[in-house]
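To keep things clear, I will list the structure first and then write my remarks on it.
Both ligands and their constituent atoms are indexed starting at 1 by order of listing. What you see below is based on every heavy atom in this structure, not just the backbone, and it leaves out hydrogens, waters and symmetry mates.
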Amino acid sequence: MATYQLLDGKRCGDALRAEIAKGALEVRSGRGRGPHLAAVLVGNDGASRTYVEAKVKACEEVGFRSSLITLPETTTEDDLLHRVKQLNKDKELDGFIVQLPLPEHIDADKVTLAITPDKDVDGFHPENIGRMVLGLPGFLPATPSGIVELLRHYHVETAGKHCVVIGRSHIVGTPMSILMSRNAYPGNCTVTLAHSRTKDLPTLTRQADILIAALGKPEFVTADMVKDGAVVVDVGIHRIADAARKSGFRLVGDVKFDEVAPKCSWIAPVPGGVGPMTITSLLLNTLKACQR
Ligand code: NAP
């Protein structure tokens, strides 16, 4: 049994945000205005609103300007694409995000493609994904980039390790697998990318020196799926009903923390692991956009 240490995203995020705030001040004194991020929220999804408001608040805390653009659920795809075009041209704006998921009648891919890569601080545009694959400068997708920064902050060894990523979404699993396999630190892993068609997942995950769980299934990864001494990064985030809490719920990840943590060398908890790092990466991308 290993004695585990926490990959503390709050602590790491705070350290990085202090650096970002310094960078924002420097930019402001150099060119008269600091970084400016806009977030577009379409519809009334409660979780999306919480995420967007957290992003806006984080901007204020590091001295960025932020604009929250809320559009009704009935917004048409054309209206949203028109709004994106306006934001692309807005010279007072360094970057913007369109919060996902979008209402069903809007094609999210069309919207992603319409965002100019120069302002795509979520890093979802194919040009930025291509730049990441080729190791060229660009915006990295926020969650995988936050995980990389977390591993770097805690000096976690990655070279030569077997990294198993569970989940192949375009925003988390797939870019994560690319970043962990690149010739850089953190990186230089041998990567296995698992998904819902993967056969005998536990046999694979038990071979992982670094296990990144991003499948979106509450407490799916159990102790028997994890090797002693592994580094485990839990990306999932779920609200579970809990009558003992005042709020009526608690947050859990894709990993059964209580039984998995004692087997780990390092583990990123939920909450307080990957979540705060995702927002920090968005701030980093916005600062980068402003410095360009
Ligand atoms: P997603 O788009 O739903 O993708 C889930 C992936 O997991 C898919 O590739 C799916 O395979 C795979 N999968 C599902 N069930 C599986 C199983 N039983 N075994 C192996 N693979 C399985 O999810 P996502 O957007 O990547 O998000 C994943 C989780 O991370 C969610 O809980 C989300 O809320 C959370 N998240 C957190 C943050 C943060 O900042 N903390 C940011 C983003 C996402 P197929 O491709 O075959 O369907």
G216 neighbourhood, listing ligand 1 atoms whose heavy-atom distance to it stays under 4.0 Å: 28 (C), 29 (C), 31 (C), 32 (O)

Considering only heavy atoms of G236, which atoms of ligand 1 have at least one such atom less than 4.0 Å away? 29 (C), 30 (O), 32 (O), 35 (C)

Please list the nearest protein heavy atom to atom 4 (O) of ligand 1 with its residue and the distance rounded to 0.1 Å. S169 CB, 3.8 Å

Output yes when the distance from some N or O of ligand 1 to some N or O of D254 is under 3.5 Å, and no in every other case. no

Just how far is it from atom CZ of F139 to atom CG of L284, taken to the nearest 0.5 Å? 11.0 Å

Out of curiosity, N128 CG to D118 CG, how far, rounded to the nearest 0.5 Å? 8.5 Å

Can you tell whether the side chains of K161 and D209 come within less than 4.0 Å, N to carboxylate O? no

Among side-chain atoms of D78 and T76, is any donor-acceptor pair under 3.5 angstrom? no

Atom 37 (C) of ligand 1: which of V274, L204, V221, V235 has the nearest heavy atom? V235

In terms of atom number and element, which parts of ligand 1 are under 4.0 angstrom from non-hydrogen atoms of R168? 6 (C), 8 (C), 9 (O), 45 (P), 46 (O), 47 (O)

Any atoms of ligand 1 less than 4.0 Å from a non-hydrogen atom of G167? List them with their elements. 6 (C), 7 (O), 9 (O), 12 (C)

Minimum-distance protein heavy atom relative to atom 34 (O) of ligand 1: I237 CG2, 3.6 Å

Under 4.0 Å to a heavy atom of I166 - the qualifying atoms of ligand 1, by number: 20 (C), 21 (N)

Check ion pair R131-E127 (N to O, under 4.0 angstrom): yes

Atoms of ligand 1 close to T278 [distance to a heavy atom under 4.0 angstrom, numbered from 1]: 39 (C), 40 (O)

Cluster question for you: counting only ILVMFWY and a side-chain heavy-atom cut-off of under 4.5 Å, with indirect links fine, are L201 and V260 together? yes

Using heavy atoms and a 4.0 Å limit, tell me yes or no: is T143 in contact with ligand 1? yes

Per-atom contacts, ligand 1 versus F220 - under 4.0 Å to a heavy atom: 18 (N)

On a heavy-atom basis, the closest approach of L287 and G23 is CD1-C, 3.8 Å

Can you tell whether the side chains of D79 and R83 come within less than 4.0 Å, N to carboxylate O? no

Protein contact for atom 7 (O) of ligand 1 (heavy atom, distance under 4.0 Å): yes

When you look for heavy atoms under 4.0 Å from ligand 1, do you find them on the side chain of L215, its backbone, both, or neither? both

Taking the side chain as everything from C-beta on, heavy atoms only, tell me whether R152 gets closer than 4.5 Å to V148. yes

Take every heavy atom of M277, measure it against each atom of ligand 1, and state whether any distance is under 4.0 Å. no

If you measure from atom 15 (N) of ligand 1 to every heavy atom of H238, K217, H195, which option wins on shortest distance? K217

Give me the one residue out of E61, E53, E60 that meets salt bridge (Lys or Arg N to Asp or Glu O under 4.0 Å) with K57. E61

So does D94 pair up with R31, basic N to acidic O under 4.0 Å? yes

Yes or no: does G275 have any heavy atom under 4.0 Å from an atom of ligand 1? yes

Measure from atom 44 (C) of ligand 1 to every heavy atom in L100, V172, T174 and give the option owning the shortest one. V172

Under 4.0 Å, heavy atoms only, figure out whether ligand 1 is touched by the backbone of I171, its side chain, both or neither. side chain

Can you hop from M180 to V164 via hydrophobic side chains spaced under 4.5 Å? no

Nearest non-hydrogen protein atom to atom 45 (P) of ligand 1, with distance, is S196 OG, 3.4 Å

